[in-house]
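All residue numbers refer to positions in the sequence shown, counting from 1. Just so you know, these numbers come straight off a predicted model, no measurement behind them.
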Amino acid sequence: MAQAVAACKPQVVAAYPISPQTHIVEALSKLVKDGHLTGCEYLNVESEYAAMSASIGASAVGARAYTATASQGLLFMVEAVYNASGLGLPIVMTVANRAIGAPINIWNDHTDAMSQRDSGWLQLYAETNQEAADLHVQAFRIAEELSLPVMVCMDGFILTHAVEQVDVPEEEQVAQFLPPYEPRQVLDPENPMSIGAMVGPEAFTEVRYLAHHKQKQALKLIPRVQKEFENVFGRSSGGLVHTYHCEDAETIIVALGSIVGTLKDVVDERREKGEKIGVLSICSFRPFPFETVGNILKNATTIISFEKAFQVGIGGIVSSHILDSLRVIDPDLQPKLYEVIAGLGGRNITKHSIHEMLASANANTLEPLTFLDLDRTLVEAELEREEAVRRSGPMAENMLRDVNTRANQAADARNN
């Protein structure tokens with residue numbers, strides 16, 4: 001990832017460490033120190049808020065700016081995140097997707113980026129490390145053409161700490177694909193102007209509408225950038241969506257990120273048994289390609305929204321977008337729609353569990369909102385504890401003790 005970003009020749013990198021993105025900015029620091037990335041000011045800042053603030057300042061004076069974060073770090077910079085998009089600054093940021101506490105958890109899910117889905121940033125989700133590297137190159141091109149910031153979202157640890165063969169974008173190819181940065185707005189002492197002035201009710205709606213309009217423009221730009229990338233690099237990455245065996249599929253699973261690889265394996269196994277099933281992978285979550293998604297899903301009889309985040313008290317996030325996509329195509333479309341929440345806090349998602357979930361869907365016994373591999377015994381024990389004792393204690397620690405007790409009992413049983 002660092003080599004792909006360096007090939008884009010950022011002029012300012014603002015860095016603050018938080019797992020699981022730290023080694024990306026560490027590698028960039030070494031590239032700067034060793035002279036491989038020239039013309040770049042590398043800033044060690046004191047917080048994630050400072051990282052985004054420095055990126056805003058750099059972008060506002062006409063520099064190509066990059067930063068990276070994850071989880072609590074993204075939340076800490078939220079005020080500045082909104083400012084970056086509101087000011088129309090084309091910053092690129094890697095979000096190494098990680099769960100949000102409390103309780104503290106350093107493993108992967110999509111809660112962090114999903115919490116910022118309405119911040120005005122474009123969000124591109126990578127399925128593989130190859131796509132993640134390629135998306136960074138495309139992100140700078142998209143951001144700078146629209147003058148909007150872009151998050152490249154890649155699953156923490158599952159991708160960020162995986163070692164696999166990647167065709168790293170070469171500087172010569174990137175230079176052919178990514179033109180020099182020409183900002184639409186720049187703070188220049190020779191031509192004084194204001195950026196971020198107060199806007200009252202008389203124009204605020206129009207400013208927000210134009211932010212919406214630019215996101216709509218991105219729906220046309222992203223596929224064009226994908227095609228141009230393929231022409232230069234000889235491989236297809238990015239775009240709005242990816243489909244896998246969706247043409248004749250009666251059941252389609254919709255998902256984002258690295259889980260798509262496992263879902264493809266499951267689809268292959270079920271197709272061998274004659275089941276018509278496919279996978280729709282969403283790359284561009286913001287802007288969301290409603291018409292494209294609706295056209296792919298319109299002939300499916302069963303749709304499963306497979307999500308690594310959810311709206312507490314409501315249910316799936318992506319699932320609501322799926323319903324809107326179908327309404328765009330035909331308000332009368334009413335396929336079965338299941339919301340499956342999986343992998344929260346880095347819980348393993350196995351092919352076995354996915355097969356069982358699909359079997360339940362086929363048998364019409366799957367709950368409309370399902371938490372994959374939910375340990376109901378653990379949950380019920382905590383609910384009973386809260387019912388029995390007013391001062392029942394923190395639920396996370398209670399359940400951890402229950403888990404450890406179970407593990408010890410199982411170990412004793414094996415030893416006996």
Side-chain angles (χ1 to χ4, degrees), residues 70-72 74-75 78 81-82 85 93 95-101 105 107-127 150-156 158 212 215-216 218-219 222 240-242 252-260 262-263 279-294 296-297 300 302-328 333 335-347 349 354 357 361 366-374:
S71 187
Q72 319 290 126
L74 179 59
L75 295 190
V78 164
V81 166
Y82 273 77
S85 58
M93 175 167 63
V95 177
N97 295 118
R98 173 187 143 185
I100 291 174
N105 180 292
W107 291 274
N108 166 252
D109 64 31
H110 291 161
T111 310
D112 52 2
M114 285 291 173
S115 76
Q116 300 308 302
R117 61 188 183 274
D118 298 327
S119 65
W121 284 60
L122 277 68
Q123 290 191 2
L124 306 177
Y125 282 77
E127 178 183 336
V150 179
M151 293 182 195
V152 178
C153 303
M154 56 185 301
D155 286 348
I158 298 171
H212 172 72
Q215 290 259 343
K216 293 295 186 180
L219 289 172
I222 290 170
L240 299 174
V241 301
H242 306 302
I252 297 180
I253 309 172
V254 184
L256 294 78
S258 61
I259 188 55
V260 171
T262 304
L263 292 171
V279 179
L280 171 59
S281 172
I282 307 293
C283 181
S284 173
F285 184 71
R286 283 291 183 273
F288 194 85
F290 290 103
E291 187 173 348
T292 300
V293 170
I296 294 167
L297 298 177
T302 300
I303 300 170
I304 298 170
S305 185
F306 204 87
E307 311 192 33
K308 284 190 171 185
F310 73 104
Q311 303 171 92
V312 176
I314 297 176
I317 299 169
V318 181
S319 58
S320 62
H321 293 56
I322 290 171
L323 288 172
D324 288 338
S325 298
L326 294 171
R327 292 190 190 104
V328 167
L333 287 174
K336 292 178 186 174
L337 175 61
Y338 296 104
E339 302 168 292
V340 177
I341 313 302
L344 299 182
R347 176 168 292 185
I349 303 173
I354 297 171
M357 177 270 293
L366 188 67
E367 292 291 327
L369 176 61
T370 294
F371 289 79
L372 194 71
D373 293 333
L374 179 70

_Surrounding CD of Q311 (heavy atoms of other residues, nucleotides or ligands, distance under 6.0 Å), is the total greater than 12?_
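Atom CD in Q311 is crowded, with more than 12 foreign heavy atoms closer than 6.0 Å.
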With side chains defined as the heavy atoms from C-beta onward, is the minimum distance between [X] and [Y] less than 4.5 Å?
X: L372; Y: R347; answer: no
X: C153; Y: M114; answer: no
X: I317; Y: R117; answer: yes
X: L297; Y: P335; answer: no

Determine yes or no for a side-chain-to-main-chain donor-acceptor pair under 3.5 angstrom, with [X] supplying the side chain and [Y] the backbone.
X: D112; Y: R98; answer: yes
X: Q215; Y: G120; answer: yes
X: Q123; Y: A113; answer: yes
X: N97; Y: N108; answer: no
X: E339; Y: G316; answer: yes
X: T111; Y: I100; answer: no
X: D155; Y: S258; answer: yes

*Before accepting this row, confirm whether a basic side-chain N of the pair D118/R286 lies closer than 4.0 Å to the acidic partner's carboxylate O.*
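A salt bridge is present here (some side-chain N lies under 4.0 Å from a carboxylate O).
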*Any idea which heavy atoms bring W121 and S85 closest together, and the distance?*
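Taking every non-hydrogen atom into account, CD1-CB, 3.8 Å.
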_Is the ring pair F288/F290 parallel, tilted or perpendicular, if the boundaries are 30 and 60 degrees?_
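Plane angle between 30° and 60°, so tilted.
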*asked:* Students often mix this up, so state it plainly: with edges at 30° and 60°, are the rings of F371 and F310 parallel, tilted or perpendicular?
replied: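 Aromatic pair F371/F310 classed perpendicular.
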*Partner residues of S284 under the side-chain hydrogen bond (donor to acceptor under 3.5 Å, both in side chains) criterion, sequence neighbours left out*: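 Partners of S284 by the side-chain hydrogen bond (donor to acceptor under 3.5 Å, both in side chains) criterion come out as none, since no residue qualifies.
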